[in-house]
Amino acid sequence: TYKRKRAHNFMKMTFRWYGSHMDPIPLKYIKQIPNMTGIVGCLMDIPVGELWPMERVLALKDEVEAARLALEVIESVNVHEDIKLGLPGRDLYIENYIKTIENLSKAGVKVICYNFMPIFDWTRSDLAKELPDGSNVLAYDHRIISRISDVQAFANQIQESSADFEMPGWEPDRLEEIQTLFQQYEGITEENLFTNLKYFLEAIIPACEKWDVKMAIHPDDPPWSIFGIPRIANCKENLDRIVSMVDSTHNGIPLCSGSLGADGNNHIPELVRYFGGKGKIHFAHIRNVKIHEPRIFEESSHLSSDGSF
């Protein structure tokens, strides 16, 4: 007779947290959530492209661990627009990114979630749609987005609707440059973005392998082009191309069911099996959305009856 040892893979439950100076929810509340093991952290006040100093990283780690939580995932170390555009200044920002990877590794971080969405991060047409039960949710209606002619005015409206909360991906310094960025992205194609992303990954993945930090490119949210600007991390075929362009276990994705699932053509269980089978899912966002019509959806509770999954 013999005993077979079976390896058990398990997921750690974590909660996104924006720091004590930016997040109204204290760590002690997050710790009270059953089975919560850690937080997904960030340093939102550091401008995009700048190095994350070791002392700031360690201060965040100490604060999180003092609440008996772990800091193993960062979302996000944002990618500077010069890298996405392939401008001459990108190499300096890539050097800063590589040094930041090293500093985060020394603090025990295992995964960095990032995105390659031009200009905007996530986009919604309503930050507080009221549901019949009185709750408020983020909602997206492409009919509204497609009618917007003044993108700066739209960005200002989003900022005003945030009730003075600085939202990730909508930082004031980014919003101030919107008109200039739109001019820079004129003529940029999906293939340009793929080329510039490959340049970035070829530069940083060797450092990730050295310091054992896995990179996870977040799917576009929503998973289609907006305002005439292309997006590339939005479907199985494109994500497979991205994780294959630099073949490394440290080049993967976070499986965000809400972002990918907003497009009914993305079958979430199939994506889980495919990318999970390749060992490419380093992190996951388990979100539900309610799709009313193609490109019209809202975020919903995790109950299957409340959403479309």
Side-chain angles (χ1 to χ4, degrees), residues 12-33 36-84 89-116 121 162 164-177 200-201 203-218 250-252 254 282-283 285:
K12 296 179 181 179
M13 185 183 293
T14 57
F15 200 90
R16 197 169 183 189
W17 187 65
Y18 302 102
S20 54
H21 298 294
M22 300 245 180
D23 201 319
I25 305 300
L27 288 171
K28 66 178 182 180
Y29 290 178
I30 297 175
K31 178 61 180 174
Q32 295 172 26
I33 302 173
M36 190 61 58
T37 66
I39 65 104
V40 177
C42 61
L43 294 174
M44 284 181 57
D45 61 306
I46 297 181
V48 176
E50 289 193 10
L51 168 68
W52 286 27
M54 194 69 211
E55 59 270 19
R56 290 292 312 279
V57 173
L58 291 177
L60 176 61
K61 172 184 172 70
D62 291 344
E63 186 176 12
V64 171
E65 291 184 346
R68 293 178 294 120
L69 293 164
L71 177 67
E72 295 183 336
V73 181
I74 294 293
E75 184 184 1
S76 296
V77 180
N78 286 323
V79 178
H80 196 277
E81 298 297 331
D82 280 16
I83 298 174
K84 301 173 191 175
R90 63 181 171 180
D91 289 331
L92 173 62
Y93 295 118
I94 289 175
E95 288 179 15
N96 288 342
Y97 210 103
I98 290 172
K99 183 61 178 178
T100 296
I101 290 170
E102 177 184 345
N103 288 348
L104 290 171
S105 173
K106 290 178 178 178
V109 170
K110 299 177 180 178
V111 177
I112 296 175
C113 179
Y114 71 105
N115 74 75
F116 217 72
D121 200 311
S162 67
D164 296 325
F165 181 73
E166 187 171 313
M167 300 179 296
W170 291 81
E171 296 83 4
D173 57 336
R174 185 195 304 228
L175 300 184
E176 291 172 358
E177 301 178 350
F200 173 65
L201 290 174
I204 69 165
I205 291 301
C208 293
E209 293 173 339
K210 176 181 178 180
W211 296 105
D212 196 21
V213 174
K214 292 181 169 63
M215 297 298 297
I217 185 168
H218 194 284
H250 290 74
N251 178 26
H282 302 324
F283 178 47
H285 286 162

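In this text the structure is predicted, and so the values were computed from the model without any measurement. Values below: every heavy atom of this structure, side chains too, minus hydrogens, waters and symmetry copies.
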So, taking the atom named [atom1] in [X] and the one named [atom2] in [Y], what distance separates them when rounded to the nearest 0.5 Å?
X: E55; Y: D62; atom1: CD; atom2: CG; result: 12.0 Å
X: I33; Y: F15; atom1: CD1; atom2: CZ; result: 4.5 Å
X: L71; Y: L60; atom1: CG; atom2: CG; result: 5.0 Å
X: S76; Y: L43; atom1: OG; atom2: CG; result: 12.0 Å
X: T14; Y: H285; atom1: OG1; atom2: NE2; result: 7.5 Å
X: R90; Y: E95; atom1: CZ; atom2: CD; result: 13.0 Å

Is [X] reaching over with its side chain to a backbone N or O of [Y], donor-acceptor style, under 3.5 angstrom?
X: Q32; Y: K28; value: yes
X: T100; Y: L51; value: no
X: W211; Y: N103; value: no
X: K61; Y: A107; value: yes
X: R56; Y: I46; value: no
X: K31; Y: R68; value: yes

Compare all side-chain heavy atoms of [X] with those of [Y] and state whether any distance is below 4.5 angstrom.
X: L104; Y: V213; answer: no
X: L27; Y: I39; answer: yes
X: F116; Y: I83; answer: yes
X: K84; Y: N115; answer: yes
X: D212; Y: K214; answer: yes
X: I94; Y: H80; answer: no

> Given the rule in the salt bridge (charged side-chain N to carboxylate O under 4.0 Å, His left out) test, do K106 and E102 qualify, once you have shown the distances and angles that lead to the verdict?
Replying inline: CA-CA 6 Å; K106 290 178 178 178; E102 177 184 345; 2.8 Å; yes

If you compare all heavy atoms of [X] against all heavy atoms of [Y], which two are closest, and at what distance to 0.1 Å?
X: P206; Y: A203; answer: CD-O, 3.8 Å
X: K110; Y: K12; answer: NZ-NZ, 4.4 Å
X: M215; Y: C208; answer: CG-SG, 3.3 Å

>> For W52, run the side-chain contact (heavy atoms from CB on, under 4.5 Å) check against I101, N96, V77 and tell me which one passes.
In response: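 The option that passes is V77.
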
> So F200 and Y97, ring-ring contact (aromatic ring centres under 6.0 Å, His included) or not? Walk me through it.
Replying inline: CA-CA 10 Å; F200 173 65; Y97 210 103; 5.1 Å; yes

> How far apart are the C-alpha atoms of W17 and V40, what are their side-chain angles, what is the distance that settles it, and do they pass the side-chain contact (heavy atoms from CB on, under 4.5 Å) test?
Replying inline: CA-CA 6 Å; W17 187 65; V40 177; over 6 Å; no

>> Working note: D45 + M22, criterion side-chain contact (heavy atoms from CB on, under 4.5 Å); need CA distance, chi angles, decisive distance, verdict.
In response: CA-CA 9 Å; D45 61 306; M22 300 245 180; 4.0 Å; yes

